[in-house]
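Taking it in order: structure first as structure tokens, then the write-up.
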Amino acid sequence: MSAHLEQWVSLALRWIHVIIGVSWIGTSFYFNWLNGRIRPLEEPQPGVGGELWSVHGGGFYRVLKYTVAPGRLPATLHWFKWEAYATWWSGFSLLVLLYYVGAREYLLDPAVSTIGPAGAIAIGLGSLLVAWLLYDVLCRTPLGSHPLLLSVFGIGAVAALAWGLGRLISARATYVDVGAALGTIMAANVFRVIIPAQREMVEAMAAGRAPDARRGQQAALRSLHNNYLTLPVLFTMVSNHYPATYGHPWGWAILVALFVIGVLIRHWFNLRNVGRRNAWLVPAAVLGLVVLALVTAPRSGGGPAAGAVSFADVRVVIARRCAPCHSSAPTYPGMTAAPAGVMLDTPEQIRARAARIAERAVVLKTMPLGNVTGITSEERELLGMWIRAGAPLR
């Protein structure tokens, strides 16, 4: 596949992934809101647990929720499953295209581990499978009926996964892999638990027997779990734009903190949906974000001043290590335009981007991406010395 075609395939897959993901997450949010807003009927009906009236788009809607199932099947029954499957497949395809095919640029980090592409890909795939199996087993144990304990164990498992992956693959790939593991759990919940439970209910009604209410309850529980995982997964989908998180030395802990913040926000919405108010969840989440922003803030580097470092030395490093991509005419294979529009061709452009260079190349060391141009520690320090001296053009 040519580099140009690869970019367009990536664009199409990402577009599909976002569009279908929006529909899946939207239905998750809606049905959890719906369950929270269902109220008892004014005139009770046998087998009906509650109702909800709503108005939208110039029309009135009445929704009835049955305690288990209606007395007879309707002619048309809508299922919600393809959104989950298509979101997972498009996301997995993106993972393969970007991080597995492009393993040396995105998946590997020689400064972290000497593992090769095959080993890193095997670890990534294995983490998806192990994450689902561990979660599924835990849900089927007595721990599954204790939400708080299960949540604590789940957060610990996420922390262990992020910490372990961070010592084997690149920081950027670690965030994406954790998100892929959570997304796999969500999709597998639909494929292995939620849809089979719904199918069993339909088959039971068709056969004239009472559906198994316990399977329906387990499906509802897994659907609720999916609802809580949505915000953490959404962050990992966009995390590659925020190197201050994954590029930090404690990146795995920052990911766990952001995971908890996402769950807290989702919990606030879920409590609100059932008419319960909570005054501390949102402030706690906002405070958590402020603390993370302070923790990840770049520290002014100590060490020697600019000394003998001249702009001529700096420009050589920029030309060799940065400009192959960040140029009006990139020379790196497959690169047709400067990423994010950042060009480092002229002295003025380099100086104007000094703060960005300091963050990405000196402090976080997330650029060059995957260190594809082979920048050395000495060259990073040279850039840092120049920037600390005020980025002089001399």
Side-chain angles (χ1 to χ4, degrees), residues 24-25 28-29 31-33 35-36 84 88 127-166 174-175 177-194 197 214-237 239 245 250-289 291-292:
W24 182 20
I25 292 172
S28 172
F29 284 8
F31 276 105
N32 276 275
W33 174 87
N35 282 327
W88 188 88
S127 68
L128 306 187
L129 178 61
V130 171
W132 158 249
L133 292 176
L134 177 62
Y135 162 81
D136 188 53
V137 168
L138 289 177
C139 285
R140 297 180 188 279
T141 67
L143 191 65
S145 59
H146 296 83
L148 183 59
L149 290 177
L150 183 62
S151 299
V152 171
F153 201 97
I155 292 171
V158 170
L161 178 61
W163 182 87
L165 289 174
T174 293
Y175 272 43
D177 197 279
V178 171
L182 297 177
T184 297
I185 288 173
M186 294 172 66
N189 270 339
V190 176
F191 181 66
R192 297 285 298 169
V193 179
I194 297 172
R214 291 174 300 177
R215 294 194 67 176
Q217 293 167 356
Q218 183 65 209
L221 178 64
R222 300 296 184 96
S223 178
L224 183 62
H225 291 174
N226 280 3
N227 179 260
Y228 278 104
L229 290 176
T230 50
L231 297 188
V233 170
L234 282 174
F235 166 72
T236 61
M237 287 173 61
S239 63
T245 57
W250 287 81
W252 68 271
I254 292 168
L255 176 60
V256 174
L258 288 167
F259 177 94
V260 173
I261 288 171
V263 169
L264 288 179
I265 292 296
R266 191 62 245 169
H267 189 52
W268 182 84
F269 276 104
N270 288 341
L271 288 178
R272 186 173 181 272
N273 289 341
V274 296
R276 295 170 57 188
R277 303 294 179 179
N278 189 291
W280 67 269
L281 283 175
V282 172
V286 172
L287 178 61
L289 287 175
V291 170
L292 289 180

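FYI, the numbering just counts along the sequence from 1. Note that the structure is predicted; figures quoted are calculated from it, not measured. Scope of the values below: all heavy atoms of this structure, side chains included, with no hydrogens, waters or symmetry mates.
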- Note on the structure: Of all heavy-atom pairs linking Phe259 and Pro232, the shortest is CD1-CB, 3.5 Å

- Starting at CD1 of Ile185, measure out to CZ of Arg222 and round the result to the nearest 0.5 Å. 9.5 Å

- Query: Using 30° and 60° as the class limits, which term best fits the ring planes of His267 and Tyr228: parallel, tilted or perpendicular?
  - Reply: tilted

- Message: A quick test of your reading: do over 12 heavy atoms of other residues, nucleotides or ligands sit less than 6.0 Å from CZ of Phe153?
- Response: no

- Task: Search all heavy atoms of Trp88 against all heavy atoms of Gly183 and return the closest pair with its distance.
- Result: CD1-O, 3.8 Å

- Item | Inter-residue atom distance Leu182.CG - Leu128.CG, 0.5 Å rounding | 10.0 Å

- Query: Side chains of Asp177 and Ser127: is there a donor and an acceptor less than 3.5 Å apart?
  - Reply: yes

- Minimal non-hydrogen separation, Trp252 against Ala159, with atom names: CE3-O, 3.9 Å

- Return yes when atom CZ of Phe269 has more than 12 non-hydrogen atoms of other residues, nucleotides or ligands closer than 6.0 Å, and no otherwise. no

- Distance from Ile261 atom CD1 to Leu289 atom CG, nearest 0.5 Å? 4.0 Å

- Query: Can you tell me how far the CG atom of Leu281 sits from the CG atom of Asn270, to the nearest 0.5 Å?
  - Reply: 10.5 Å

- Nearest 0.5 Å please: distance from the CH2 atom of Trp280 over to the CG atom of Leu264. 6.0 Å

- Ser28 side chain to Trp24 main-chain N or O, any donor-acceptor pair under 3.5 Å? no

- Item | Rounded distance (nearest 0.5 Å) linking atom SG of Cys139 with atom CG of Asn189 | 6.5 Å

